[in-house]
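A short worksheet on the structure shown next.
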Protein chains: 2
Amino acid sequence: MGESDSAPTGLCGTDLIIDGWFHERGELWPGQAMSLKINKVLDHHRSKYQDVLVFESEKHGNVLVLDGVIQVTERDEFSYQEMIAHIPLFAHPDPKRVLVIGGGDGGVLREIARHSGVEEIVICELDQGVIDVSKKYLPSLAKGYDDPRVTVHVMDGAVFMEQNQNYFDVIITDSSDPIGPANVLFETPFYKAMHSALREGGIVCTQGECMWLHVDLIQPLVKSIGSIYTSVGYAYTTIPTYPSGQIGFIIGTKGRGECSTPSRNPTPEVQKELRYYTPELHKASFVLPAFARRAIFEDAV
Amino acid sequence: MGESDSAPTGLCGTDLIIDGWFHERGELWPGQAMSLKINKVLDHHRSKYQDVLVFESEKHGNVLVLDGVIQVTERDEFSYQEMIAHIPLFAHPDPKRVLVIGGGDGGVLREIARHSGVEEIVICELDQGVIDVSKKYLPSLAKGYDDPRVTVHVMDGAVFMEQNQNYFDVIITDSSDPIGPANVLFETPFYKAMHSALREGGIVCTQGECMWLHVDLIQPLVKSIGSIYTSVGYAYTTIPTYPSGQIGFIIGTKGRGECSTPSRNPTPEVQKELRYYTPELHKASFVLPAFARRAIFEDAV
């Protein structure tokens with residue numbers, strides 16, 4: 001994650017360190033917190049946009065925290081990166097041009113680069129600070145920047161999309177939570193802007209929060225997207241260090257049916273490198289528990 | 001959960017309360033902890049077998065903790081209870097006699113009782129203390145005891161099964177973790193005892209720990225069970241207040257193929273009451289992430 005585009009909030013990552021443990025207490029998940037034991041703090045500073053904390057954990061590798069919220073641990077990041085990238089990319093029969101909004105750590109770039117048919121990978125990350133700490137402390141993610149097809153723009157994704165209409169086959173928005181800086185990424189105008197930047201047959205896939213915590217937030221967003229895009233779907237992945245242990249994805253299409261069945265499969269060589277995604281799991285990730293299916297797709301529609 | 005059958009460990013639930021938060025720090029998930037904010041402690045005592053703590057949380061309802069490990073929160077318990085019960089029960093075409101080992105809180109009984117064809121529900125819970133606190137503080141689970149088909153035995157499930165061979169259609173083992181009291185429930189002799197207590201066509205479903213934490217424990221167990229049972233499978237459910245946000249189930253059959261497809265569907269009336277299980281999710285719950293599928297079923301077989 002890493003996209004943000006407003007004034008910094010007051011939250012400071014080191015305030016959440018007590019007795020050598022980082023406690024992820026946030027207003028989006030009241031009454032609960034994931035804690036990770038810290039070996040040592042590697043970096044802590046305020047970037048132009050947000051509070052940036054990197055620590056070496058006891059059991060989860062290096063951990064990136066923005067405004068007090070865990071964005072990446074080296075131990076389980078593959079689940080998120082693989083699913084947010086490969087669901088739209090394998091749902092598309094032949095993606096050539098891919099845009100990433102946010103995703104400054106580089107992990108999503110790493111996954112996109114596994115698709116040999118992709119010709120152009122563009123990333124718009126607002127915060128150079130996230131790119132810098134990731135290159136220093138999260139090399140297994142930041143290696144995504146090494147692919148020669150990658151172009152980096154340190155700028156607002158919305159502005160970039162205005163300048164590049166009807167261009168991309170897949171747009172992936174790898175954002176932080178809809179409170180504070182990344183709030184606008186969860187609003188209808190941003191989904192309209194992505195729609196305009198897609199060419200016909202294109203797919204967007206965005207970080208869609210957690211069904212266990214935020215169906216109230218997800219439901220109106222899915223409804224609104226459904227009125228703009230040809231189809232809209234919701235998938236999820238398990239990831240222990242995100243709040244409640246899961247995170248979802250909202251997938252919208254432009255002139256294409258829904259994305260719960262892959263159009264292509266990974267080659268055997270690529271599948272061997274993947275640790276989470278499989279074509280079977282692609283389909284299974286759209287099958288929601290009864291409570292979430294009802295709340296997101298039935299009750300309020 | 002709630003089955004245990006050895007001497008108490010030294011762990012005390014209230015040792016884990018710091019500044020009004022319960023921190024679930026355990027040796028089975030080093031370096032990480034789920035924390036829940038406490039409104040007030042409702043009960044804390046040592047039963048004959050274990051340390052029993054019940055507290056009212058700020059956002060998760062009442063919470064039962066045994067030997068320092070969260071067993072149930074009223075907010076998310078339905079995911080676990082529904083999946084551990086309905087996967088084997090709907091996989092079986094006509095279950096008549098069902099045995100629960102552990103499960104003293106009554107939540108699994110509540111789910112079994114939704115199956116109108118079931119004639120006999122037997123529970124063997126070792127610890128009367130768990131039954132008592134659940135009836136007092138977890139009435140939405142303990143109402144499972146109210147069904148007239150339920151018989152309660154406060155005794156060791158292994159002893160009960162020796163006395164009841166070739167009898168049950170479904171056996172569900174709703175145990176705590178394989179460290180301390182419930183350790184024997186994760187060993188081959190216990191799986192042999194369950195196999196003997198099943199009649200032909202029977203199914204066992206046991207708490208199978210977390211794929212994100214314990215593939216090293218799951219893999220040899222699945223392999224061992226595969227040598228005793230006709231088929232063995234592994235499914236999982238998401239549940240925010242269990243370590244890493246998921247828990248798995250090991251499903252073995254006696255003279256029957258694998259259980260990833262339901263034999264029956266819930267009636268519309270029953271489906272309306274279910275908050276997690278659906279027939280589609282039954283199938284999806286057996287689809288594992290690449291790393292777990294490899295570690296449990298491929299690499300070591």
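Just so it is clear: chains get the letters A, B, ... in the order the sequence lines come, proteins before strands, and each one is counted from 1.
Only the side chain of B:Tyr236 comes within less than 4.5 Å of a heavy atom of chain A; its backbone N, CA, C and O stay farther away. Both the backbone and the side chain of B:Asp76 come within contact range of chain A, judged by heavy atoms closer than 4.5 Å. Contact of A:Trp21 with chain B is made through the side chain alone, with heavy-atom distances under 4.5 Å. The part of A:Leu288 that comes within reach of chain B is its backbone (N, CA, C, O), which places non-hydrogen atoms under 4.5 angstrom from that chain. Proximity to chain B involves both the backbone and the side chain of A:Gln271, based on heavy atoms less than 4.5 angstrom apart. Of the atoms belonging to A:Met83, not a single heavy atom falls under 4.5 Å from chain B. Heavy atoms closer than 4.5 Å to chain B are found in the backbone of A:Ile239, but not in its side chain. Of the two parts of A:Thr238, the backbone and the side chain both hold a non-hydrogen atom closer than 4.5 Å to a non-hydrogen atom of chain B. With a 4.5 angstrom heavy-atom cutoff, B:Leu36 touches chain A via backbone and side-chain atoms both. Interface residue B:Gln246: only side-chain heavy atoms are found under 4.5 Å from chain A.
Between B:Pro289 and A:Leu281, the closest heavy-atom pair is CA-CD2, 3.8 Å. Nearest heavy atoms, B:Arg275 versus A:Arg294: CA-NH1, 4.1 Å.
Considering OG of B:Ser35 and CD of A:Glu24, their distance stands at 11.0 Å, rounded to 0.5 Å. Taken to the nearest 0.5 Å, the CD atom of B:Glu280 stands 5.5 Å off from the CZ atom of A:Arg293.
Judged by the 6.0 Å distance and 45° axis criteria, B:Arg75 is not positioned over the aromatic ring of A:Trp212.
More than 12 heavy atoms of other residues, nucleotides or ligands lie within 6.0 Å of NZ in B:Lys37, so this atom counts as buried by the packing criterion.
Taking the six-membered ring where the residue is Trp, B:Phe291 and A:Phe78 present perpendicular rings, their angle passing 60° and hence far from 30°.
Chain B forms the most heavy-atom pairs under 4.5 Å with one residue out of A:Ser244, A:Ala284, A:Ser285, A:Ser79, and that residue is A:Ser244. Between chain A and the residues B:Tyr276, B:Phe22, B:Trp29, the largest count of heavy-atom pairs under 4.5 Å involves B:Tyr276. Options B:Leu274, B:Asp19, B:Val287, B:Thr241 differ in how many heavy-atom pairs under 4.5 Å they form with chain A, and the most are formed by B:Val287.
Only one option out of A:Glu58, A:His60, A:Lys59 pairs with B:Gln32 in a side-chain hydrogen bond (donor to acceptor under 3.5 Å, both in side chains); it is A:His60.
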